[in-house]
Amino acid sequence: MSNSKRRIETDVMKLLMSNHDVELVNDNMQEFFIKFFGPDETPYEKGVWRLHVELPDNYPYKSPSIGFVNKIFHPNIDIASGSICLDVINSTWSPLYDLINIVEWMIPGLLKEPNGTDPLNNEAAGLQLRDKKLYEEKIKEYIDKYATPEKYEKLFGRKEEEEDEEEDDDDDDDDDDDDDEEGRKNKDKIRGDLSDSELEEGGISEELSDIDVSDDDDD
């Protein structure tokens with residue numbers, strides 16, 4: 001196993017064994033989503049975001065690609081693409097960092113202390129520098145629109161809903177099997193009743209009647 005492959009597995013396993021909600025894409029450790037909560041004591045503290053992470057083949061010698069899936073209002077995060085402008089996961093990345101560092105330290109640190117002089121969102125940068133109150137109101141407005149726990153579940157909770165639907169389908173299949181079994185029993189009963197009535201009316205030979213009756217008794 002190559003050093004990069006081993007490091008990818010190690011870092012991702014750390015995330016999976018932590019308290020973070022991690023969803024691998026097609027069981028691939030090089031692409032996954034993380035449920036990210038806004039840091040406490042910041043305007044982002046009530047928000048919930050989905051981070052998309054892709055690890056290059058030569059990770060950790062090359063930095064991961066990370067972006068916000070649902071929208072967030074921040075000077076250093078592009079609204080449309082969710083791309084993050086953060087030196088430590090771009091120009092100054094080091095193999096000494098790992099994914100836990102990014103999720104628990106780097107991104108929360110960026111949300112706590114944005115860099116308005118190097119923006120990806122000019123509107124957010126301008127408000128952050130000129131009008132802090134309006135800036136924080138805009139952050140909360142975006143949370144209400146795109147990043148409440150309820151909005152998160154509505155947007156990204158589909159996997160659990162699909163599993164529930166599959167379970168419901170399985171239950172329906174079981175009901176159908178029961179109906180089929182009941183139908184077979186009814187058909188057997190009708191077949192037996194017809195044989196008896198035909199015997200009484202003499203509509204079939206005594207020899208055949210005996211065969212039919214014995215078959216029904218065996219069933």
Side-chain angles (χ1 to χ4, degrees), residues 3-25 27-79 81-121 124-125 128 135-136 139-140 142-144 146-153 155-157 159-160:
N3 289 337
S4 292
K5 183 77 171 177
R6 185 180 297 110
R7 177 62 184 272
I8 287 170
E9 291 188 358
T10 298
D11 281 16
V12 174
M13 285 304 299
K14 284 181 182 179
L15 272 178
L16 290 170
M17 295 174 67
S18 69
N19 292 326
H20 299 289
D21 185 348
V22 181
E23 179 185 331
L24 301 181
V25 175
D27 295 324
N28 180 5
M29 286 195 172
Q30 287 184 241
E31 183 180 6
F32 48 90
F33 296 98
I34 302 174
K35 188 175 185 179
F36 176 81
F37 296 89
D40 293 338
E41 299 181 359
T42 72
Y44 300 95
E45 64 181 345
K46 293 184 180 180
V48 187
W49 288 271
R50 185 171 172 91
L51 298 178
H52 180 224
V53 182
E54 289 187 88
L55 304 181
D57 291 336
N58 56 347
Y59 175 86
Y61 307 104
K62 185 177 179 181
S63 64
S65 172
I66 303 177
F68 283 77
V69 178
N70 47 328
K71 292 183 180 180
I72 183 171
F73 191 78
H74 189 281
N76 309 113
I77 302 172
D78 184 75
I79 288 181
S81 67
S83 298
I84 303 171
C85 181
L86 181 61
D87 287 345
V88 289
I89 56 174
N90 292 301
S91 58
T92 63
W93 170 262
S94 166
L96 296 176
Y97 301 134
D98 63 16
L99 297 174
I100 291 288
N101 292 146
I102 295 172
V103 177
E104 296 185 354
W105 174 55
M106 297 178 186
I107 297 178
L110 181 67
L111 297 192
K112 290 177 181 178
E113 298 180 7
N115 180 8
T117 61
D118 186 23
L120 285 178
N121 182 333
Q128 191 254 334
Y135 169 68
E136 293 184 355
I139 291 172
K140 293 173 183 177
Y142 266 67
I143 291 174
D144 290 340
Y146 308 108
T148 62
E150 294 78 15
K151 290 289 175 63
Y152 186 95
E153 289 304 316
L155 289 170
F156 310 117
K159 183 176 180 182
E160 294 179 1

Evaluate the side-chain proximity of [Y] to [X]: yes if any heavy-atom separation is below 4.5 Å, no if none is.
X: Ile77; Y: Leu111; answer: yes
X: Phe33; Y: Val25; answer: yes
X: Asn28; Y: Phe32; answer: no
X: Tyr97; Y: Val88; answer: yes

Inset, instruction - List the steps, then state whether side-chain contact (heavy atoms from CB on, under 4.5 Å) holds for Ile34 with Arg50. - result: CA-CA 6 Å; Ile34 302 174; Arg50 185 171 172 91; over 6 Å; no
Grab the two heavy atoms, one from [X] and one from [Y], that are nearest each other, plus how far apart they are.
X: Pro43; Y: Lys140; answer: O-CG, 4.1 Å
X: Trp93; Y: Ser63; answer: CG-CB, 3.4 Å
X: Ile102; Y: Ile66; answer: CG2-CD1, 3.4 Å
X: Pro64; Y: Tyr59; answer: CD-CE1, 4.0 Å
X: Asn76; Y: Asp118; answer: ND2-O, 3.0 Å
X: Gly116; Y: Pro75; answer: CA-CB, 4.4 Å

So, does [X] use its side chain to make a donor-acceptor pair with the main chain of [Y] at under 3.5 Å?
X: Gln30; Y: Glu54; value: no
X: Thr148; Y: Lys151; value: yes
X: Asp98; Y: Val12; value: no
X: Arg7; Y: Pro95; value: yes
X: Thr92; Y: Asp87; value: yes
X: Asn90; Y: Leu86; value: yes

Inset, instruction - Would you check if there is a donor-acceptor pair between the side chains of His74 and Gln128 at a distance under 3.5 Å? - result: no
In Å and rounded to the nearest 0.5 Å, what is the [atom1] to [atom2] distance from [X] to [Y]?
X: Glu31; Y: Leu24; atom1: CD; atom2: CG; value: 10.0 Å
X: Ile100; Y: Trp105; atom1: CD1; atom2: CH2; value: 14.0 Å
X: Tyr44; Y: Ile143; atom1: OH; atom2: CD1; value: 8.0 Å
X: Asp78; Y: Lys71; atom1: CG; atom2: NZ; value: 10.0 Å
X: Ile107; Y: Leu110; atom1: CD1; atom2: CG; value: 8.0 Å
X: Leu51; Y: Leu99; atom1: CG; atom2: CG; value: 11.0 Å

Legend entry - Ion pair check, Glu41 and Lys112, cut-off under 4.0 Å: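 The answer is no: the pair does not qualify as a salt bridge.
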Legend entry - Flag if over 12 foreign heavy atoms under 6.0 Å of CG, Asn58: yes
Legend entry - Enclosure of Lys35 NZ (heavy-atom neighbours >12, cutoff 6.0 Å): yes
Inset, instruction - Name the orientation class of the two ring planes belonging to Trp49 and Phe68 (parallel below 30°, tilted from 30 to 60°, perpendicular beyond 60°). - result: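 If you compare the ring of Trp49 with that of Phe68, the planes turn out perpendicular.
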Inset, instruction - Determine, stepwise, if the pair Met29 / Lys5 fulfils side-chain contact (heavy atoms from CB on, under 4.5 Å). - result: CA-CA 10 Å; Met29 286 195 172; Lys5 183 77 171 177; over 6 Å; no
Inset, instruction - Just jot down the ring-ring contact (aromatic ring centres under 6.0 Å, His included) partners of Tyr152, sequence neighbours excluded, or say none. - result: Phe156
